[in-house]
Protein chains: 2
Amino acid sequence: MTFPSVSKPLDLIIVEDQKEVREGLRYLLGLDPRVNVVRTFERVETFLEALDTLPTPDLVLMDIGLPGMSGIEGVRILKKRFPAVIVIILTVFEDTDRILESIRAGANGYLLKSTKPDILLEQILGAVSEGSPLSPRVAKRILEEIQDSGEPSELSDYGLTPRERQILTDVVNGFTYREIAARYSIAASTVKKHILHIYQKLDVNSRAEFVKKAIREKLV
Amino acid sequence: MTFPSVSKPLDLIIVEDQKEVREGLRYLLGLDPRVNVVRTFERVETFLEALDTLPTPDLVLMDIGLPGMSGIEGVRILKKRFPAVIVIILTVFEDTDRILESIRAGANGYLLKSTKPDILLEQILGAVSEGSPLSPRVAKRILEEIQDSGEPSELSDYGLTPRERQILTDVVNGFTYREIAARYSIAASTVKKHILHIYQKLDVNSRAEFVKKAIREKLV
DNA sequence: CTGAAAATACTCCCTTTGGCGTATTTAACC
DNA sequence: GGTTAAATACGCCAAAGGGAGTATTTTCAG
């Protein structure tokens, strides 16, 4: 007889509408003495109601595609009331939108249902002691998202001259021709000329479009 | 005799300055027939030079803290020349800055040196077939980053009315009073009034400031 | 039903912007 | 040494924007 863990078992709740999956999980996870499956629910609504009368669990396994309220919305509400509860999404969905929305809602991990049972158990236990479990395919989506969020800066330069870049910044910050002219001690007409040049390079024709494009393309 | 993998072994390169770690990895990974450790390097510089004379590897294990050029910079250069090569960072650093910079540089995975050898091997092989390997502690940092990047949206509403929000969007998209008026079949003077109201609520007084603030505060 | 907020509309006045042209000086690159 | 691009500057004009005031109608919650 071994004593791999002296601490109390992990109180876990499963929210999953498909009976076979739900019961399968309950059984599989229950086999490990370090896990205690407190209860299971088919719907977010009933789960959230029951939270008042139930001792707060350590961890929740949450499906996304549920009848009624979505699991993502469930996470949002749950985390607002109990920020300390660890929530792991367990779903078949692997599209970037749902992944990001889940994370923004407060999820602490995102695993796909294709995860093998032994890995799943390991990941659940690791979520408490280590960090956030993510299926590799999910992680890939997230990395892609980070990559093309911070990048487009140097791809698009639009061939602006140094002076034009300075002035571009000022325009975005809301200065008028005159104010910018004063900053650099040049004539307002010159500033205007620069700005018109920039407009041509960026293919815009008003302050609003200009500022929008400059910010979106991370020129500032 | 079993045939778990018919495909050719994974050509792998290790860039790591500490001799023990480097040789340890080479030995450990080399034990698995699915992996072929082509070469190892102590520095990014020599690695990058050698790339011209070497067949392109499938995967590179890259350390960050190296003498001379940092591993992150190495990834940037490598990925620019060989986008198809899979790069996994293997380091002791787990700060958000280095993690994000690595990903933006093009890394396909980020593992900590505390990763157990068997897991490491599994993750490396999975990087080709599955997705991006991330240590749970690294994933945790990334999730935190995503969480507080997408949040401030609904905190600031500025008490805009529905109509004002519609018009706000149009202004950001570069439409003039007249154009917006036409869109909703109302008078340009009304549009102007709405916009002036919005200016007061957002505390701005020009198109440029308006657009900047609206985008930055994610009102659009 | 009543009152507040929102949406509508107009006027006057001045400033700013956008588009056009022209022209000189400086700097950089063959 | 000559060409090119950048930065400087001015003028003209029509369109758009910004500030302030007033007023009517709709809508919605108390």
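We name chains A, B, ... by the order of the sequence lines, and we start the count at 1 in each one. It should be emphasised that the depicted structure is a prediction, and the values quoted were computed from it without experimental measurement.
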Got a list of protein N/O to nucleotides 13-16 of chain C N/O distances below 3.5 Å?
| from | atom 1 | to | atom 2 | distance (Å) |
| --- | --- | --- | --- | --- |
| C:dT16 | OP1 | A:Arg178 | NH2 | 3.4 |
| C:dT16 | OP2 | A:Arg178 | NH1 | 3.3 |
| C:dT16 | OP2 | A:Arg178 | NH2 | 2.5 |

For [X] and [N], what is the distance between atoms [atom1] and [atom2] respectively, to the nearest whole Å?
X: A:Gln200; N: C:dC20; atom1: CD; atom2: C1'; answer: 11 Å
X: A:Leu202; N: C:dG19; atom1: CG; atom2: P; answer: 13 Å
X: B:Leu196; N: C:dA9; atom1: CG; atom2: P; answer: 16 Å
X: B:Ile180; N: D:dG17; atom1: CD1; atom2: C1'; answer: 12 Å
X: B:Ile195; N: C:dT8; atom1: CD1; atom2: C1'; answer: 15 Å
X: B:Leu160; N: C:dA7; atom1: CG; atom2: C1'; answer: 15 Å
X: A:Ile198; N: D:dA6; atom1: CD1; atom2: C1'; answer: 13 Å

Would you say A:Tyr199 reaches C:dG19's phosphate, i.e. side-chain N/O to OP1/OP2 under 4.0 Å?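 No, outside the criterion.
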Could you pull out all residues at least two apart from B:Asn173 that satisfy side chain to side chain contact (heavy atoms under 4.5 Å, CB included)?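 So B:Asn173 forms a side chain to side chain contact (heavy atoms under 4.5 Å, CB included) with A:Lys212, B:Thr169, B:Phe175.
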What pairs with A:Arg178 under side chain to side chain donor-acceptor pair (under 3.5 Å), at least two apart in sequence or on another chain?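 Per chain and number, A:Arg178 pairs via side chain to side chain donor-acceptor pair (under 3.5 Å) with no residue.
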Does NZ or CZ of B:Arg76 fall inside the cone over B:Phe82's six-membered ring, less than 6.0 Å from its centre and within 45° of the axis?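 Because its charged atom misses either the 6.0 Å distance or the 45° angle limit, B:Arg76 does not stack over B:Phe82.
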With A:Arg183 as the cation and A:Tyr177 as the aromatic partner, state whether NZ or CZ is under 6.0 Å from the six-membered ring centre and within 45° of the axis.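 Verdict for A:Tyr177: no cation-pi partner in A:Arg183.
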Partner of A:Tyr158 by side chain to side chain donor-acceptor pair (under 3.5 Å), out of A:Glu217, A:Gln200, A:Lys201: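 Result for side chain to side chain donor-acceptor pair (under 3.5 Å) with A:Tyr158: A:Glu217.
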At a cut-off of 3.5 Å, list every protein nitrogen or oxygen paired with a nitrogen or oxygen from nucleotides 7-10 of chain D, distance to 0.1 Å.
| from | atom 1 | to | atom 2 | distance (Å) |
| --- | --- | --- | --- | --- |
| D:dA7 | OP1 | A:Arg163 | N | 3.3 |
| D:dA7 | OP2 | A:Thr161 | OG1 | 2.3 |
| D:dT8 | OP1 | A:Arg163 | NE | 3.3 |
| D:dT8 | OP1 | A:Arg163 | NH2 | 2.6 |
| D:dT8 | OP2 | A:Arg163 | NE | 3.0 |
| D:dT8 | OP2 | A:His194 | NE2 | 2.9 |
| D:dA9 | OP2 | A:Ala187 | N | 2.5 |
| D:dA9 | OP2 | A:Thr190 | OG1 | 3.3 |

Quick one: side chains of residues 184-197 of chain A, donor-acceptor pairs under 3.5 Å with protein atoms, not counting sequence neighbours, listed by atom name and distance.
| from | atom 1 | to | atom 2 | distance (Å) |
| --- | --- | --- | --- | --- |
| A:Tyr184 | OH | A:Asp170 | OD2 | 2.6 |

Of all the heavy-atom pairs spanning A:Leu54 and A:Arg39, show the shortest one and how long it is.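 Distance-wise, the nearest heavy atoms are CD1-CD, 4.1 Å.
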Are side-chain N/O atoms of A:Lys140 and B:Asn108 paired as donor and acceptor at under 3.5 Å?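 There is no such pair (donor and acceptor under 3.5 Å, judged by atom type) between the side chains of A:Lys140 and B:Asn108.
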Show every donor-acceptor pair shorter than 3.5 Å between a side-chain atom in residues 55-68 of chain B and any protein atom, with sequence neighbours excluded, or say none if there are none.
| from | atom 1 | to | atom 2 | distance (Å) |
| --- | --- | --- | --- | --- |
| B:Asp58 | OD2 | B:Lys8 | NZ | 3.1 |
| B:Asp58 | OD2 | B:Asp11 | N | 2.7 |
| B:Asp63 | OD1 | B:Lys113 | NZ | 3.4 |

